[in-house]
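Count residues from 1 along the sequence. Just so you know, these numbers come straight off a predicted model, no measurement behind them.
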Amino acid sequence: MCGIVGYVGNIASVNASGTGPHQALDVLMEGLRRLEYRGYDSAGVAVVAADGIAMRKKSGKLANLTAELAAHPLPEAMTGIGHTRWATHGGPTDKNAHPHVVDGGRLAVIHNGIIENYAPLKAELLAKGHRFISDTDTEVAAALLGEIYRSLPGDGGVEAGGSADGARLSEAMQLAAQRLEGAFTLLAAHAEHPGTVVAARRNSPLVVGLGDGENFLGSDVSGFIDYTRRAVELGQDQVVTITADTVTITDFYGAPAEGREYLVDWDAAAAEKGGYPSFMEKEIHDQPEAVAQTLLGRSDVDGRLTLDEMRIDADVLKTINKIIVLACGTSAYAGQVAKYAIEHWCRIPTEVELSHEFRYRDPIVDDKTLIVSLSQSGETMDTLMAVRYAREQGATTVAICNTNGSTIPRESDAVLYTHAGPEIAVASTKAFLAQITAAYLLGLYLAQLRGNLFQGQIKDILADLAKVPAKIAKVLANEQQVKDLARSMSETRSVLFLGRHVGFPVAMEGALKLKELAYIHAEGFAAGELKHGPIALIEEGQPVIVVVPSPRGRDSLHAKVVSNIQEVRARGAKTIVIAEEGDESVAEHAEHVFYIPETTPLLAPLLTTVPLQIFACELATAKGYDVDQPRNLAKSVTVE
Ligand code: M6R
């Protein structure tokens with residue numbers, strides 16, 4: 001939620017490609033363009049110019065702010081902060097947009113998160129005579145910061161011959177952060193410190209970008225990827241002060257602290273649409289590469305898993321007697337797919353739990369529990385809190401994550417990164433397939449370690465996995481067939497999805513994609529559940545998309561699902577079927593059949609999901625919706 005960017009440069013700053021120095025506004029707007037997927041209710045920027053803070057903000061998408069800046073340009077400046085908002089406190093209006101400028105126009109503040117104790121703080125500040133313009137908790141935090149700043153025996157800033165490094169502002173931020181409860185990333189710029197931006201973070205993302213004579217802050221590295229790939233991961237409860245030449249990190253009490261520097265393993269081009277009309281379409285087409293990259297270098301020629309990142313004692317992993325997968329949304333569906341494989345291969349009972357439900361139900365977790373969190377962003381607050389809770393109960397934690405430098409991996413015992421590359425579209429696609437792939441590798445690794453599978457079996461499964469990227473490419477090559485159907489269904493008001501075994505979470509993921517993108521009613525059911533209630537929904541013309549298991553699978557599931565297709569069709573449903581190549585038996589029961597290449601039944605979700613993604617994307621496009629930024633959503637849900 002909310003994208004945040006901060007910048008300080010100097011007149012001599014140059015970037016990697018030798019250009020520069022940069023105007024703060026250019027850096028901020030480019031950063032906001034890349035971060036807009038985190039929230040797009042409103043946007044704003046503030047720069048510290050020669051005669052103080054200058055600010056513009058506008059409700060709606062970033063384009064509105066761009067127009068506002070064209071009509072009312074900002075003065076030149078080398079320091080600034082920018083924000084793109086996902087509304088929590090207060091509607092998405094101009095006045096609630098960030099930055100919030102207080103202290104007689106001298107202090108500008110932006111914020112991501114929720115200040116839980118804003119009400120008593122606001123009452124306290126009102127009693128002292130503060131007047132608030134917006135409905136936000138952010139303005140309360142800004143007023144508190146201003147109040148503390150003024151109370152400090154400061155140096156008055158450079159104009160008064162004081163320090164250029166913003167020491168007074170940093171100290172004020174530390175003191176303010178001590179008083180705030182909840183989740184926050186706060187960035188502040190002050191007219192008295194024209195070469196400084198100060199930030200505080202608790203439970204909310206913030207990364208530092210290291211430049212040459214310039215430094216950056218961003219909610220994630222996309223905020224500054226055009227300028228540098230050198231990033232610093234911050235810890236919990238830290239304050240960071242950037243100037244053009246320095247980065248100073250402390251805790252909330254002023255004690256020096258350190259961040260972990262790393263090199264971002266993708267560049268700005270990876271975060272572009274690459275010729276596709278939307279990021280979502282690009283990311284759907286990135287999937288062969290996402291799966292291939294996630295598999296790369298994780299097994300040797302003998303088919304032995306070599307997960308170097310799994311820095312957990314083998315003896316600990318051998319004594320694990322339960323796995324709990326924690327995730328939300330699409331990531332939770334990836335977890336549900338993985339459950340089938342992990343239990344089958346490792347014989348360890350595996351539960352999948354929505355992170356936000358987990359810690360509120362007194363779950364049974366101990367030192368023999370392995371927690372596997374799945375999160376594309378690594379910042380989902382619900383999942384972060386659930387992982388923390390599990391650690392407190394003594395569990396061992398592994399993060400499967402797509403974002404280097406994010407909080408969940410940092411707070412876990414081990415991390416298995418998915419290498420899907422940046423996922424910009426709000427609806428998750430390539431991260432889903434990469435998560436399933438990584439979770440499968442983890443399952444095979446545990447099976448290898450615990451001796452549940454013979455080495456030859458693991459080698460065979462890995463060989464099948466290695467063939468998946470080419471098979472996804474084959475599914476993509478037939479996308480037009482799916483697109484044509486989606487376009488013909490653009491007036492549809494409801495679609496039901498059925499699946500069984502690993503096809504069940506795929507059905508739910510297909511429904512989620514359609515809800516998110518096309519805003520129509522969609523539900524995924526276990527096909528076996530149909531006769532227990534959902535079949536009552538079927539009426540003449542109701543579209544039902546069925547993920548059919550392989551006829552080569554176990555326990556006659558195929559035949560049972562074919563019966564389900566017949567049952568809904570007999571009641572008037574329009575049946576659309578995803579089936580394995582060569583499965584001719586389904587054709588007579590379906591209006592449309594999309595064939596996917598043959599694969600091991602457990603690996604089928606890596607293929608069957610793809611037509612469902614294309615279907616949702618195309619149907620939403622046909623309705624004229626923005627598939628990259630669906631209404632009300634944000635990419636990274638960093639508040640509970
Ligand atoms: O970053 P995460 O994987 O933790 O995010 C989890 C969900 O918020 C995310 O998958 C969400 O459901 C997407 N909108 C799905 O398309």
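Cys2 places a side-chain heavy atom less than 4.5 Å from the side chain of His83. Using a 4.5 Å cut-off on side-chain heavy atoms (C-beta onward), Glu76 and Gln23 make contact. Counting heavy atoms from C-beta outward, Asp245 and Asn10 have side chains that approach closer than 4.5 Å. Looking only at side-chain heavy atoms (C-beta outward), Leu69 and Leu25 come within less than 4.5 Å of each other. Counting only heavy atoms from C-beta outward, the side chains of Thr196 and Val8 never approach each other to under 4.5 Å. Considering only heavy atoms from C-beta on, Ser406 comes within 4.5 Å of Cys401 through its side chain. Taking the side chain as every heavy atom from C-beta outward, Asn96 and Ser42 never approach each other to under 4.5 Å. Counting heavy atoms from C-beta outward, Met310 and Leu442 have side chains that approach closer than 4.5 Å.
With sequence neighbours left out, Asp251 forms a salt bridge (Lys or Arg N to Asp or Glu O under 4.0 Å) with no residue at all. A search for salt bridge (Lys or Arg N to Asp or Glu O under 4.0 Å) contacts involving Asp220 returns Arg38, not counting sequence neighbours. When the ring pair (Phe, Tyr, Trp, His ring centres under 6.0 Å) test is applied to His89, the partners found at least two apart in sequence or on another chain are Tyr118. The ring pair (Phe, Tyr, Trp, His ring centres under 6.0 Å) search around His190 returns Tyr149, His193, not counting sequence neighbours. For Arg33, the salt bridge (Lys or Arg N to Asp or Glu O under 4.0 Å) partners two or more places apart in sequence, or in a different chain, are Glu30, Glu272. Legend: residues meeting side chain to side chain contact (heavy atoms under 4.5 Å, CB included) with Val5, ordered by chain and number and at least two apart, are Leu28, Leu32, Leu35. In terms of the side chain to side chain contact (heavy atoms under 4.5 Å, CB included) criterion, residue partners of Ala108 (sequence neighbours excluded) are, by chain and number, Ala46, Ile53, Ile81, Pro99, Val101. Ser204 pairs by the side chain to side chain contact (heavy atoms under 4.5 Å, CB included) definition with Asn112, Thr185, not counting sequence neighbours. By the salt bridge (Lys or Arg N to Asp or Glu O under 4.0 Å) test, Arg229 pairs with no residue at all, sequence neighbours left out.
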Q) How far apart are the C-alpha atoms of Glu509 and Thr330, what are their side-chain angles, what is the distance that settles it, and do they pass the side chain to side chain donor-acceptor pair (under 3.5 Å) test? A) CA-CA 6 Å; Glu509 170 61 6; Thr330 288; 2.8 Å; yes
Q. When you look at Lys513 and Glu516, which way does the salt bridge (Lys or Arg N to Asp or Glu O under 4.0 Å) test go after all the steps?
A. CA-CA 5 Å; Lys513 287 284 96 72; Glu516 285 186 297; 3.5 Å; yes
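The neighbour count for Arg311 CZ, taken as heavy atoms of other residues, nucleotides or ligands under 6.0 Å away, does not exceed 12. Annotation for Leu263: atom CG counts as buried by contact number, over 12 foreign heavy atoms lying within 6.0 Å.
Classification of Glu124 and Arg179 as a salt-bridged pair holds, one side-chain N sitting under 4.0 Å from a carboxylate O.
The side-chain hydrogen bond (donor to acceptor under 3.5 Å, both in side chains) contacts involving residues 407-416 comprise Arg201-Thr407, Glu233-Arg410, Glu379-Thr407, Arg388-Glu411, Arg391-Asp413, Thr397-Asp413, where partners must be two or more places apart or lie in separate chains. Legend: salt bridge (charged side-chain N to carboxylate O under 4.0 Å, His left out) pairs involving residues 103-114, not counting sequence neighbours, sorted by first then second residue: Asp103-Arg106, Asp103-Arg150, Arg106-Glu192. Residue pairs that meet the salt bridge (charged side-chain N to carboxylate O under 4.0 Å, His left out) test with at least one member in residues 414-427, sequence neighbours left out, are Glu423-Lys635.
With 3.5 Å as the limit, one finds no donor-acceptor pair spanning the side chains of Ser375 and Thr383.
Between Phe224 and Phe216, the ring planes lie tilted relative to each other; the angle falls in the 30° to 60° range.
The minimum heavy-atom distance between Tyr40 and Tyr37, with the atom names listed, is CE2-O, 4.0 Å.
Test Asp135, Thr136, Asp137 against Glu139 for side chain to side chain contact (heavy atoms under 4.5 Å, CB included) and you get one pass: Thr136.
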